[in-house]
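Heads up: numbering here begins at 1 and tracks the sequence.
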Amino acid sequence: MATYSVLCLNCQAFGSNIEETRNAEHKAIIDAFNMAKAENHEPSLIALQDYEWNSEGCLTQLISQINEAHGAETWKACRQWGNAELDLPDDKRDAIVLFDTSVYSEKDMERHSIGKFHDLEHLLAGQHDDIKNACSSFEGRWAGAVLSVAERKFLFLSYHGRKIAMHNGEAVPLSTSLKTAMSKEFIGHVANVACADGSPAIIAGCFNTNSEPLRAEPLSSPDEWNATVHVYPESEAVRRSSLDAKGQPRGRTDYAVIVHPEAGRCTDISVSDNDVHLIPIAPEIAGRFSHQPLLISFKLTAN
C-alpha cells in the first residue's frame with residue numbers, strides 16, 4: 001500500500017496590479033510546495049481554490065514554476081473534469097486541480113455533470129432570485145480529474161464551498177445550514193459519479209462550513225456508498241484564527257472527504273485524521289492564503 005501527498009491551498013491574493021498579484025500568489029503556492037517537500041511530503045497532487053487567473057498563460061506559468069520546484073517537467077493542470085473549454089462566469093477565481101504525470105496517468109472519461117443544488121425551498125426562502133440562482137449551481141466551484149496509479153483508478157476533486165452570494169453588488173453571507181446542505185449535496189453528486197464509475201474519490205478543499213455537521217451525521221446511501229470526513233487536529237489550528245471574537249473555536253473549513261463506492265466494502269483509499277495536518281509557513285506567505293496550507297496523505301491499494 002503506497003502513500004501519496006495532497007497539498008490543499010485556498011488562495012487569497014489581491015491587489016490593483018494584476019501581474020504583481022499573480023506573481024505573489026504563485027510565489028506563495030511554490031513556497032508551500034517547497035515547505036511540504038522539505039518535510040519529506042512532496043505533493044503529487046495540488047487542490048487549489050480561489051485561484052485567480054486571467055488567461056490560460058497564468059496556469060502555464062504556474063505549472064512551469066511547479067516543474068522547476070519539482071525538478072522535472074511532469075506537472076499538468078485541469079479544471080472541471082479536464083474540460084479547458086468550459087464556459088465559466090466572468091469571475092476568474094476558480095478551483096484548479098494539478099497533478100504529477102510521473103506519478104499519475106489521466107484517464108479518459110465522459111465529462112459528468114455534478115448537478116445542481118436542489119434543497120432551496122426552505123433554506124433560501126425569501127431570498128432574491130439572483131442569490132437563489134447563484135446557489136443552485138456548483139459551476140466554477142470545483143475541478144476534477146480521473147487519475148490512475150498502480151493500475152488503480154480514482155477521482156480527485158478540488159472543491160470551494162460558497163459562503164456568500166452577490167445581490168446588487170453587495171455580498172450576502174449564507175447561513176451555516178445552507179452551506180452545510182450544499183456541501184452534503186455536492187458530496188452526494190460526486191458519490192453518484194464514483195458509483196457509476198466504480199472508483200473511490202477524494203474531495204479536498206475549502207468547504208467554507210464547519211466539518212462537525214458532516215462528521216456527526218453519516219454521509220451514506222445504503223448499500224451504494226459512504227464517505228468519511230478528515231480534519232486536521234484542533235491543536236494545529238493557528239491561535240489567531242482558531243477562536244472567534246467571543247473566544248469560541250472557529251469551524252475548520254479546509255478538510256478532505258473520501259468517498260467509498262459500495263458502502264463499507266470499498267477500502268481502496270484510506271485516510272485518517274493523523275494523515276491531515278497544516279504546513280507551517282512564514283506569516284508573510286500565510287497572508288496569501290485564506291487558511292494555512294493543508295497537507296493530506298492517503299494510501300491507495302493497488303488492484
Side-chain angles (χ1 to χ4, degrees), residues 1-9 29-30 33 36-37 41-49 51 53 56-88 94-114 138-160 186 189-205 256-261 266 268-271 295-303:
M1 181 178 289
T3 300
Y4 306 89
S5 294
V6 177
L7 188 60
C8 182
L9 303 171
I29 292 169
I30 299 304
F33 181 94
K37 186 176 180 179
H41 290 289
E42 179 173 347
S44 53
L45 290 166
I46 300 177
L48 296 181
Q49 304 89 47
Y51 173 69
W53 59 283
E56 292 298 336
C58 293
L59 273 177
T60 301
Q61 183 184 85
L62 176 59
I63 292 170
S64 176
Q65 293 178 24
I66 293 174
N67 283 333
E68 183 178 356
H70 171 57
E73 295 185 0
T74 59
W75 279 77
K76 181 178 179 180
C78 68
R79 291 160 63 197
Q80 293 190 191
W81 296 117
N83 186 350
E85 304 302 320
L86 182 66
D87 183 22
L88 291 177
D94 200 1
I96 303 289
V97 160
L98 301 104
F99 59 95
D100 184 353
T101 60
S102 69
V103 177
Y104 310 99
S105 59
E106 187 177 18
K107 293 293 186 179
D108 293 330
M109 181 177 180
E110 176 186 356
R111 179 179 172 265
H112 289 270
S113 171
I114 283 299
F138 292 109
E139 294 294 324
R141 310 302 300 186
W142 63 276
V146 185
L147 304 175
S148 178
V149 62
E151 299 183 351
R152 186 64 177 102
K153 185 167 63 171
F154 68 101
L155 317 181
F156 179 68
L157 295 95
S158 172
Y159 174 62
H160 189 200
F186 180 81
H189 285 311
V190 173
N192 290 336
V193 175
C195 287
D197 196 57
S199 303
I202 300 174
I203 310 171
V257 174
I258 316 301
V259 176
H260 304 284
C266 178
D268 300 79
I269 284 181
S270 63
V271 176
L295 188 69
I296 302 160
S297 298
F298 70 94
K299 297 176 178 65
L300 184 68
T301 303
N303 280 345

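- Across all non-hydrogen atoms, the minimal contact from Cys78 to Gly144 is SG-O, 3.5 Å.
- Trp75 and Ile63 get closest at one heavy-atom pair: O-CG2, 3.4 Å.
- Between Val190 and Ile203, some side-chain heavy-atom pair lies under the 4.5 Å cut-off.
- Considering all non-hydrogen atoms of both residues, Val149 and Val103 come closest at CG2-O, 3.5 Å.
- Within the 4.5 Å cutoff, no side-chain heavy atoms of Val6 are placed close to those of Leu295.
- Nearest heavy atom pair, residue Leu155 against residue Ala194, reads CD1-CA, 3.8 Å.
- Judged as a side-chain contact (heavy atoms from CB on, under 4.5 Å), and not counting sequence neighbours, the contacts of Ala191 are Trp225, Val259.
- In this structure, Lys37 contributes its side chain and Ala69 its backbone to a donor-acceptor pair below 3.5 Å.
- Under the ring-ring contact (aromatic ring centres under 6.0 Å, His included) criterion, Phe298 pairs with Tyr4, Phe154, not counting sequence neighbours.
- Under the rule for a side chain to side chain donor-acceptor pair (under 3.5 Å), Ser297 has no partner lying at least two apart in sequence or in another chain.
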Requested in this report: Would you sort out whether Ser44 and Tyr104 count as a side chain to side chain donor-acceptor pair (under 3.5 Å), showing the intermediate values?
Outcome: CA-CA 8 Å; Ser44 53; Tyr104 310 99; 2.6 Å; yes
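- Annotation: side chain of Leu48 is in contact with side chain of Leu98 (closest heavy-atom distance under 4.5 Å).
- Remark: aromatic rings of Phe186 and Tyr159 are close, center separation under 6.0 Å.
- Scanning both residues, Ile269 and His260, for their nearest heavy atoms gives O-CE1, 2.9 Å.
- With sequence neighbours excluded, the residues forming a side chain to side chain donor-acceptor pair (under 3.5 Å) with Thr74 are His70, Asp100, listed by chain and number.
- Checked by atom type, the side-chain pair Ser158/Gln49 shows a donor-acceptor distance below 3.5 Å.
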